[in-house]
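Quick caveat: nothing in here was measured; it's all calculated off a predicted structure.
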Amino acid sequence: LGRLRARACLKARDFLMQKLYSLRKPKTNIQILQQNVLLRFKYLVWFLRRHAPEVLLEVRACYVDTMARVLKQALQGYASSLA
């Protein structure tokens, strides 16, 4: 049962990381992806929180990094359009 849980955590991590990397594509509607894709898989996050908190920290760090990049790029574009 432990091996099955570890395999499920690995699959959930890979799946969530793939979804997070799709946020990095240019001209992506982040809000739609967050609401329609990521929110549907909140139970995977719950599963990781309960069974593999170290994996959840890695996924969370990837999400924070991705959103920081996206927001930085958007703000830089906005600032350059003002100048």
Item to check | Smallest separation among heavy atoms of Leu23 and Thr28, with atom names | outcome: O-CB, 4.3 Å
Checklist entry - Under a single-linkage definition using a 4.5 Å side-chain heavy-atom cutoff for Ile, Leu, Val, Met, Phe, Trp and Tyr, are Leu44 and Val37 assigned to the same hydrophobic cluster? => result yes
Checklist entry - Do any pairs count as a salt bridge (charged side-chain N to carboxylate O under 4.0 Å, His left out) and have a residue in residues 25-44, sequence neighbours left out, and if so which ones? => result none
Got a list of side-chain donor-acceptor pairs under 3.5 Å for residues 74-83, not counting sequence neighbours?
from, atom 1, to, atom 2, distance (Å)
Ser80, OG, Gln76, O, 3.3
Ser80, OG, Gly77, O, 2.9
Ser81, OG, Tyr78, O, 2.7

Item to check | Arg24: salt bridge (Lys or Arg N to Asp or Glu O under 4.0 Å) partners, not counting sequence neighbours | outcome: Asp65
Item to check | Partners passing salt bridge (Lys or Arg N to Asp or Glu O under 4.0 Å) against Asp14 (at least two apart in sequence or in another chain) | outcome: none
Item to check | Summary of ring-ring contact (aromatic ring centres under 6.0 Å, His included) pairs that have at least one residue in residues 14-38, sequence neighbours excluded | outcome: Phe15-Phe41
Checklist outcome for this item: Hits for side chain to side chain contact (heavy atoms under 4.5 Å, CB included) against Arg3, two or more places apart or cross-chain, chain-then-number order -> none
Checklist outcome for this item: Residues passing the salt bridge (Lys or Arg N to Asp or Glu O under 4.0 Å) test with Arg5, sequence neighbours excluded, are none
Checklist entry - Which residue pairs pass the salt bridge (charged side-chain N to carboxylate O under 4.0 Å, His left out) test with at least one member in residues 71-81, sequence neighbours excluded? => result none
Checklist entry - Which residues satisfy the side chain to side chain contact (heavy atoms under 4.5 Å, CB included) test with Gln31, sequence neighbours excluded? => result Asn29, Gln35
Next on the checklist: Taking the side chain as everything from C-beta on, heavy atoms only, tell me whether Val59 gets closer than 4.5 Å to Met17.
Outcome noted: yes
Item to check | Interatomic distance, Leu16 atom CG to Tyr63 atom OH [nearest 0.5 angstrom] | outcome: 12.0 Å
Checklist entry - If you look only at pairs with a residue in residues 43-64, which of them pass as a salt bridge (charged side-chain N to carboxylate O under 4.0 Å, His left out), with sequence neighbours excluded? => result Arg13-Glu58
Checklist entry - Is the shortest heavy-atom distance from the side chain of Leu20 to the side chain of Leu38 under 4.5 Å? => result yes
Next on the checklist: Please enumerate all residues that pass side chain to side chain contact (heavy atoms under 4.5 Å, CB included) together with Ser22, with sequence neighbours excluded.
Outcome noted: Leu33
Item to check | Those residues that, when tested against Phe47, pass ring pair (Phe, Tyr, Trp, His ring centres under 6.0 Å) (two or more places apart) | outcome: His51
